[in-house]
Amino acid sequence: MSTTENTVSSNFIRHIIAADLAANKHGGKVATRFPPEPNGYLHIGHAKSICLNFTLAAENQGGCNLRFDDTNPEKESVEYMEAIERDVAWLGFTWAGLYHASDYFDKLYEYAVELIKLGLAYVDSSTPEQMRADRGTLTEPGKASADRGRSIEENLALFERMRSGEFADGEYVLRAKIDMASPNINMRDPTIYRIRKVPHPNPRVGDKWCVYPMYDYTHCLSDAFEGITHSICTLEFEDHRPLYDWVLEKLRHKLEQDFPWTWLPQQIEFARLQLEYTIVSKRKLLQLVKENIVRGWDDPRLPTISGLRRAGFTPEAIRDFCERIGVTKKDAWIEMAVLENCIREDLNERALRAMAVLRPLKLVIENWPEDASETYQLANHPQKPALGERAVTFAREIFIEQDDFEEHPPKDFKRLIPGGEVRLRGSYVIKCEQVIKDEAGNVVELRGSYDPATLGKNPEGRKVKGVIHWVAAAHSVAAEVRLYDRLFAHPQPDTLDNFLDGLNPDSLEVLTDCRLEASLALASPETRYQFERVGYFCVDAVDSRPEALVFNRTVTLRDGWTR
RNA sequence: UGGGCUGUCGCCAAGCGGUAAGGCACUGGAUUUUGAUUCCAGCAUACCUAGGUUCGAAUCCUAGCAGCCCAGCCA
């Protein structure tokens, strides 16, 4: 009956969960987790996973954990962990529990010992080179290492010595004993523990360990420890699912002993987000930051959560985007227009309007008295009176946008031309009487007149089509405005041999001579506005100061007029 | 050519044997003191291809074709 319900699109994971619930598979429970490795900042691709995991749990009265997948201390740091927590919270989600895979190291070790006792894991002294050679190829089976037949007792002793620090990095590894001839390379006796004599960033771990478990071994068990029902990850882990299930199945008896109330989790894979004209790879993002190609992880040109936030995106827009793009197993490239539409739609509703002249051109209203001024109360939002009004003052000398005057206008140009009339937004209709140029022929100033009969009403006997924004010179404040454009000129920089070749050389233009209407003088950091006829802007959270305002362009307004 | 996965409008995406939802983009037109917003209209006889089963197939079967992922002591 309702015509306003937002049609939440179905997806294959929702189907799976519905079926599991119907079959009472996990005692009617749904528990998920978002498991980032703290080796970089979160980006829009993570947002897709975050939204998926948290909403799936919430839709089914379940919880979603935030779990740091911190099993590789060489790449991870607390700085990243803190940034991740901040970003997930900013997106609007509350985790049921906050965990670290590293907090499971004791248990994980104990389970590894169990695997050895079961004859399902062995300590191998092969070098990385030897292991690679023994692994075989995509079409040929692998060969067994000489250590594969080591006795359980010997494996137990060696693993204990690995743990106690007797061996150097790389001297030994612990491997699962599965099948060197498996067509699935992940099953050819994967390494599950390696020696790394480095401290761990988790303060509760510190330098306690010098052997660290690998992802495949750690992840499935961590899921089981936490009672996760649906372990959602991206497509590249599809080939790892048999290993995920193998570990759980072999250790099932121990899990059932330690967690008698729980169940074995199931891994479900979906396609990761691919967004045109940008990059969502932590490695490449890190490179852009390290090489100073951008100004940090929160550079507004980056698709990081912190970059989007600084650019002026709202959590609501990002969540809306994640819902709209859907969840499937198909490699898909999302057009940037979808993201842009989401933020425009949100900001159109909530951003207060204001006038800002980005590239000022002086216009003197010659029939307006020297020292007179007039103040209007203009609506903060044309469709929402409830959002109030602000005062805007008009005077003899004003600034208009350079783009809004054309000496030789193209066809259908609706703005100001020599001898032509245009409406000043919220004020009078004015006419351009004279164009003043410098020696080089550049237009440096305009002289004009206003029609006193046009305030709040249309002139009689003629139509004035154009409306332009303006600011009174003496009633405006200076500001720096940063115009951001897509970071890459190439739609799929990821597919290039060197993704840096796809960079857009004009991704940032800094305008230092902008004039804003006076009401903006008090704008506080992170406040978002629509500069009428120009776009949505946000006060920069890092560099803006009351006496030196800095605005970032979030996105332009749609422009149906093709220049 | 080993294994795993995918193929519905320009880009996403519903659909699960009963005769192609929706969003973005695009194109018209209306309203508008933002060339914005809003509104209204249009936009796949067609679902990778070819066969087959069926009264009926995007949905089932068979054979192809195309694309993506995997040989870290990364995740």
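Each chain gets a letter, A, B and so on, in the order the sequences are listed, and its residues count up from 1. Treat the numbers as computed from the prediction; the structure is a model and nothing was measured.
- If you check B:rA66 for Watson-Crick or wobble pairing at under 3.5 angstrom, you find it paired to B:rU6.
- Here the options are A:I13, A:L235, A:I232, the test is side-chain contact (heavy atoms from CB on, under 4.5 Å), and the partner is A:E269; only A:L235 passes.
- One can place CD1 of A:I178 at 19 Å from P of B:rG3, the figure rounded to the nearest angstrom.
- Between the CD atom of A:E401 and the P atom of B:rG35 there is a distance of 13 Å, given to the nearest Å.
- Counted by atom type alone, A:H381 and A:R353 present one or more donor-acceptor pairs between their side chains at under 3.5 Å.
- The residue A:R353 sits close to a base: some heavy atom pair falls under 4.0 Å.
- When the side-chain hydrogen bond (donor to acceptor under 3.5 Å, both in side chains) test is applied to A:E79, the partners found at least two apart in sequence or on another chain are A:Y41.
- Nucleotide B:rU27 has B:rA41 as its partner under the Watson-Crick or G-U criteria, with both atom distances under 3.5 Å.
- No engagement by A:H469 is indicated, since no non-hydrogen atom pair under 4.0 Å with the nucleic acid exists.
- For the residue pair A:R324 / A:N341, a side-chain donor-acceptor distance below 3.5 Å is found, with atom types taken as modelled.
- Between A:Y428 and A:F394, the ring centre distance stays below 6.0 Å.
- Rounded to whole Å, the separation between the P atoms of B:rG10 and B:rC43 comes to 15 Å.
- A distance of about 15 Å separates the C1' atoms of B:rU49 and B:rG67, rounded to the whole Å.
- A distance of about 12 Å separates the C1' atoms of B:rC48 and B:rA58, rounded to the whole Å.
- Nucleotide B:rU32 has no partner under the Watson-Crick or G-U criteria, as no pair reaches both atom distances under 3.5 Å.
- The separation of B:rA75 from B:rG17, taken at their P atoms, amounts to 42 Å, rounded to a whole angstrom.
- Counting any heavy atom pair closer than 4.0 Å across all strands shown, A:K465 reaches no nucleic acid atom.
- The residue A:K414 sits close to a base: some heavy atom pair falls under 4.0 Å.
- B:rC12 atom P lies 18 Å from atom CG of A:D320, rounded to whole Å.
- Residue A:Q530 places its side chain closer to B:rU34 than to any other of B:rU34, B:rC24, B:rU6.
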Can you check ring-ring contact (aromatic ring centres under 6.0 Å, His included) on A:Y217 and A:Y111, steps first, answer last? CA-CA 10 Å; A:Y217 172 72; A:Y111 278 57; 8.0 Å; no
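- For the C1' atom pair drawn from B:rG56 and B:rC69, the interatomic distance equals 38 Å after rounding to whole Å.
- Across all strands shown, A:R324 has heavy atoms under 4.0 Å from sugar-phosphate atoms exclusively, and none from any base.
- Shown here is A:E460, whose CD atom has no more than 12 heavy atoms of other residues, nucleotides or ligands within 6.0 Å.
- A straight line from CG of A:L424 to C1' of B:rU34 spans 13 Å, rounded to a whole angstrom.
- Separating the C1' atom of B:rU8 from that of B:rA21 is a span of 12 Å, rounded to the nearest Å.
- Phosphate contact (OP1/OP2 of B:rA13, side-chain N/O of A:K330, threshold under 4.0 Å): present.
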Show your working on side chain to side chain contact (heavy atoms under 4.5 Å, CB included) between A:N39 and A:R283 and close with a plain yes or no. CA-CA 9 Å; A:N39 65 344; A:R283 205 204 95 231; over 6 Å; no
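- In this structure, A:W333 places its CH2 atom 10 Å from P of B:rC12, rounding to the nearest Å.
- Residue A:T328 has a polar side-chain atom (N or O) positioned under 4.0 Å from OP1 or OP2 of B:rA13.
- With hydrogens and angles ignored, a donor-acceptor pair under 3.5 angstrom links the side chain of A:R423 to the base of B:rU33.
- Checking B:rA46 for Watson-Crick or G-U wobble geometry (two distances, each under 3.5 Å) identifies no partner in any strand.
- Comparing B:rA41 with B:rU31, their C1' atoms are spaced 15 Å from each other, to the whole Å.
- For the pair A:E421 CD and B:rU33 P, the interatomic distance rounds to 16 Å; values are reported in whole Å.
- Each of A:W470, A:Y376, A:Y450 was checked for a side-chain hydrogen bond (donor to acceptor under 3.5 Å, both in side chains) with A:S427, and the lone residue meeting it is A:Y376.
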Sub-3.5 Å pairs of nitrogen or oxygen atoms, protein against nucleotides 38-42 of chain B:
none

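- B:rG23 and B:rU19 have their C1' atoms separated by 24 Å, with the value rounded to a whole Å.
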Go along nucleotides 65-75 of chain B 5' to 3' and tag each nucleotide: B for a protein heavy atom under 4.0 Å from its base, S when only backbone or sugar atoms are that close, - otherwise. ---SBBBSBSB
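- For the pair A:W561 CH2 and B:rU32 C1', the interatomic distance rounds to 19 Å; values are reported in whole Å.
- Heavy atoms of A:V555 sit nowhere under 4.0 angstrom from any nucleic acid atom.
- Using cut-offs of 30° and 60° for the angle between ring planes, the A:H43 and A:H46 rings count as tilted.
- Regarding the sugar-base torsion, B:rG72 falls in the syn class, its angle being within 90° of 0.
- Using a 4.0 Å heavy-atom cutoff across all strands shown, A:F413 reaches at least one base atom of the nucleic acid.
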A:E226 vs A:Y104, side chain to side chain contact (heavy atoms under 4.5 Å, CB included): CA-CA, chis, key distance, verdict: CA-CA 10 Å; A:E226 291 174 22; A:Y104 305 138; 2.5 Å; yes
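- Sequence order on RNA chain B of the closest nucleotides to A:G326 and A:A337 puts A:G326 first from the 5' end.
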Would A:F537 and A:Y529 satisfy ring-ring contact (aromatic ring centres under 6.0 Å, His included), going step by step from the backbone distance to the final call? CA-CA 5 Å; A:F537 293 78; A:Y529 293 90; 9.7 Å; no
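- Within the 4.0 angstrom heavy-atom criterion, only backbone atoms of the sugar-phosphate kind lie near A:E238; the bases stay farther away.
- Put simply, the residue from A:Y109, A:W209, A:Y212, A:Y172 that forms a side-chain contact (heavy atoms from CB on, under 4.5 Å) with A:Y193 is A:Y109.
- Atom CG in A:L275 sits roughly 17 Å away from atom P in B:rC24 (whole-Å rounding).
- Note on A:G456: a base of the nucleic acid sits closer than 4.0 angstrom, heavy atoms only.
- With hydrogens and angles left out, the side chain of A:E140 and the base of B:rG2 share no donor-acceptor pair within 3.5 Å.
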